[in-house]
Engineer: 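First, the structure itself, so that you have it in front of you.
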Amino acid sequence: MPHFKKPPTAAQINMKAGNFLIRHQSRLLLPTLQSCCCRATHSDTKPKDPFTLAQKDLTSLYDDIKKELFVSKVELKSLCDYYFDGKGKAIRPMIVVLMARALNIHSNRAGDLLPGQRAIAMISEMIHTASLVHDDVIDGSDKRRGKRTINEVWGERKAILAGDFILSAASMALARIGNITVVKVLSQVIEDLVRGEFMQLGSKENENERFKHYLEKTFKKTASLIANSCKAVSILVNSDPEVHEIAYQYGKNVGIAFQLVDDVLDFTSGASQLGKPTAADLKLGLATGPVLFACQQFPELHAMIMRRFASKGDVDRAWQYVLQSNGVQQTNYLAQHYCKEAIRQISRLRPSPERDALIRLTEMVLTRDK
């Protein structure tokens, strides 16, 4: 049995996490502590639930996606429609819809979505879903959203082709928007997804480089889609680069926070809540935030990380080290800083119910349990 150190106090956790943030600042990825401590400028009235506010625009989203994926071959249609059953959280299109409406009001227009903005919400969900289909093949996953994966039902070859087809349909819908800048911005997402997946296959020897590698991979695999989709809807309604940057920064910071919380839930939630097995990342050989923070207290994790938890007993021992450390608390602490920066950015827009709903969404990201 490994010998575990005495757990640190709450004060030590906050001090250590704060020091870590200061040491590992990155202009690309980390919000500054000064900017995180700003006071949100939204109204005191309780904002509407983001899901309720976006519901009208999301009601027919999945039906419209299925129309984009229309094919005569029955089996291919079944594969492509499998995840578009309306039972997903639709977090990405919801953020895009709320951002579009908030930006339209900020730009002295009616809040209603432009056709191109609605198309971007749909495209963001299609790109995301295509990436899930391919991820499940790479990871050998047999469960997704509480049901069997496409690769488990139809096999890996057909799953890869289905992911490719969904991506091609998204590309066609993107081309129809007819804005070259929007095409360029959303094409960046696809490049980032591939680069992020390659980054996930590797690791870094140096502890400082390892955390930077993890955050950059998190941005590319998760946050880039949200950031660039938000930027794309802003381009269609406003010519001011500063407004584009506000939309982008909100999406980036919320996206990174979302993934950090996801990485925490891998250690703290049961499989019944997540719809996938817990410790899934460790079993895949991945060292996420909680593990990287835990490595500061338990250097024994370093060797396990480098061999990707491949030796017998590594997964169980790493799990115990993380739970005995303050890795989960520090990862949550970091997610809070990203959410505060997202609030700081979106608060620069003109007040609107949608803007305030995006602020409330950051709280929901931090408190979700699945």
Side-chain angles (χ1 to χ4, degrees), residues 2 4 20 24 29 128 131-145 148-152 156 159-160 163 192-224 255-256 258-271 273-328 330-332 334-335:
F4 295 119
F20 188 89
H24 299 279
L29 293 163
H128 171 60
S131 74
L132 296 184
V133 175
H134 286 158
D135 278 359
D136 287 341
V137 173
I138 292 167
D139 298 342
S141 301
D142 58 3
K143 281 280 177 69
R144 166 73 65 183
R145 293 175 180 169
R148 294 167 72 200
T149 55
I150 288 178
N151 47 292
E152 177 73 9
E156 289 187 355
I160 292 167
D192 285 344
L193 283 168
V194 175
R195 287 184 182 274
E197 199 62 54
F198 268 102
M199 289 182 76
Q200 188 162 286
L201 297 174
S203 187
K204 296 289 183 182
E205 183 80 30
N206 178 278
E207 185 182 321
N208 293 353
E209 288 182 5
R210 189 184 288 155
F211 211 95
K212 184 180 176 184
H213 180 90
Y214 163 67
L215 287 174
E216 190 174 343
K217 183 264 303 181
T218 297
F219 169 76
K220 289 186 183 302
K221 281 203 67 178
T222 303
S224 173
I256 294 174
F258 187 91
Q259 187 58 51
L260 289 171
V261 172
D262 209 51
D263 293 343
V264 163
L265 290 174
D266 199 47
F267 288 92
T268 60
S269 266
Q273 285 177 293
L274 282 177
K276 62 182 180 182
T278 49
D281 292 328
L282 286 177
K283 291 169 185 173
L284 291 170
L286 304 179
T288 56
V291 179
L292 297 179
F293 276 120
C295 194
Q296 295 179 305
Q297 289 172 264
F298 298 106
E300 301 92 329
L301 279 165
H302 177 76
M304 295 186 208
I305 291 169
M306 292 313 296
R307 63 176 178 258
R308 298 179 74 85
F309 314 103
S311 295
K312 187 176 180 181
D314 276 359
V315 170
D316 288 338
R317 277 184 297 159
W319 173 274
Q320 289 297 329
Y321 280 132
V322 169
L323 295 186
Q324 290 288 329
S325 76
N326 58 22
V328 164
Q330 286 195 11
T331 307
N332 276 325
L334 186 57

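By convention here, the first residue in the shown sequence is residue 1.
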Engineer: To the nearest 0.5 Å, what is the distance between CD (Gln297) and CD (Gln324)?
Structural biologist: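 That separation rounds to 10.0 Å.
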Engineer: Kindly give the heavy-atom pair with the smallest separation between Phe309 and Val291, and that separation in Å.
Structural biologist: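 Smallest interatomic distance, heavy atoms only, reads CZ-CG1, 3.9 Å.
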Engineer: Calculate, to the nearest 0.5 Å, the distance between atoms CZ and CG belonging to Arg210 and Leu215 respectively.
Structural biologist: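 Arg210 CZ to Leu215 CG: 13.5 Å, rounded to 0.5 Å.
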Engineer: Taking all non-hydrogen atoms of both residues, which atom of Lys221 and which atom of Leu193 are closest, and how far apart?
Structural biologist: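 Nearest pair, atom of Lys221 first, then Leu193: O-CD2, 3.5 Å.
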Engineer: Determine the minimum heavy-atom distance between Glu197 and Asp135, stating which atoms define it.
Structural biologist: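 Nearest heavy atoms, Glu197 then Asp135: OE1-OD1, 2.7 Å.
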Engineer: Considering residues at least two apart in sequence or located in another chain, which fulfil the side chain to side chain contact (heavy atoms under 4.5 Å, CB included) criterion with Ala294?
Structural biologist: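 With sequence neighbours excluded, Ala294 shows a side chain to side chain contact (heavy atoms under 4.5 Å, CB included) to Leu301, Val322, Ser325, given in chain and number order.
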Engineer: So, for Gln200 and Leu286, which heavy atoms are closest and what is the spacing to 0.1 Å?
Structural biologist: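 Minimum heavy-atom contact is CG-CD2, 3.3 Å.
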Engineer: Minimum heavy-atom separation for Thr331 to Phe293, with atom names?
Structural biologist: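 Nearest pair, atom of Thr331 first, then Phe293: OG1-CD1, 3.4 Å.
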Engineer: Answer yes or no: is there a side-chain heavy-atom contact under 4.5 Å between Asp262 and Gln259?
Structural biologist: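 Asp262 reaches Gln259 side chain to side chain.
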Engineer: Sequence neighbours excluded, which residues qualify as side chain to side chain contact (heavy atoms under 4.5 Å, CB included) partners of Asp192?
Structural biologist: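 Partners of Asp192 by the side chain to side chain contact (heavy atoms under 4.5 Å, CB included) criterion, ordered by chain and then number, come out as Gln188, Phe219, Lys220, Ser224, Asn228.
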Engineer: Do the non-hydrogen side-chain atoms of Thr288 and Asp266 ever get within less than 4.5 Å of each other?
Structural biologist: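 They are not in contact (no side-chain heavy atoms under 4.5 Å apart), so the answer is no.
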Engineer: Can you tell me how far CG of Asp139 sits from CG of Leu284, rounded to the nearest 0.5 angstrom?
Structural biologist: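 Between atom CG of Leu284 and atom CG of Asp139 there are 4.5 Å.
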Engineer: Quick check on side chain to side chain donor-acceptor pair (under 3.5 Å): which of Arg148, Lys143, Arg144 does Asp136 satisfy it with?
Structural biologist: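 Only one option passes, and that is Arg144.
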Engineer: Just verifying a value: how many Å separate Asp316 CG and Leu282 CG, rounded to the nearest 0.5 Å?
Structural biologist: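 That separation rounds to 9.5 Å.
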Engineer: Drop me the distance from Ile160's CD1 to His134's NE2, to the nearest 0.5 angstrom.
Structural biologist: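 Here the rounded value is 6.5 Å.
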Engineer: How many angstroms lie between atom CG of Asp314 and atom CD of Glu300, to the nearest 0.5 angstrom?
Structural biologist: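 The distance works out to 12.0 Å.
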Engineer: Decide yes or no on side-chain contact (heavy atoms from CB on, under 4.5 Å) for Phe258 and Thr218, but give the supporting numbers first.
Structural biologist: CA-CA 10 Å; Phe258 187 91; Thr218 297; over 6 Å; no
Engineer: Hey, does Leu292 have a side-chain heavy atom less than 4.5 Å from the side chain of Ile305?
Structural biologist: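 The answer is yes, as the side chains (C-beta and beyond) meet within the 4.5 Å cut-off.
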Engineer: Suppose we screen for salt bridge (Lys or Arg N to Asp or Glu O under 4.0 Å). Which residues come up paired with Asp263, at least two apart in sequence or across chains?
Structural biologist: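 Once residues adjacent in sequence are excluded, Asp263 has no partner under the salt bridge (Lys or Arg N to Asp or Glu O under 4.0 Å) criterion.
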Engineer: Could you tell me which non-hydrogen atom of Arg308 sits nearest to which non-hydrogen atom of Leu201, and how far apart they are?
Structural biologist: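 In terms of heavy atoms, the two residues are closest at NH1-O, 3.5 Å.
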Engineer: Strictly distance-based, threshold 3.5 Å: is any side-chain N or O of His302 a donor or acceptor partner for the main-chain N or O of Cys295?
Structural biologist: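 Not confirmed, His302 side chain does not pair with Cys295 backbone.
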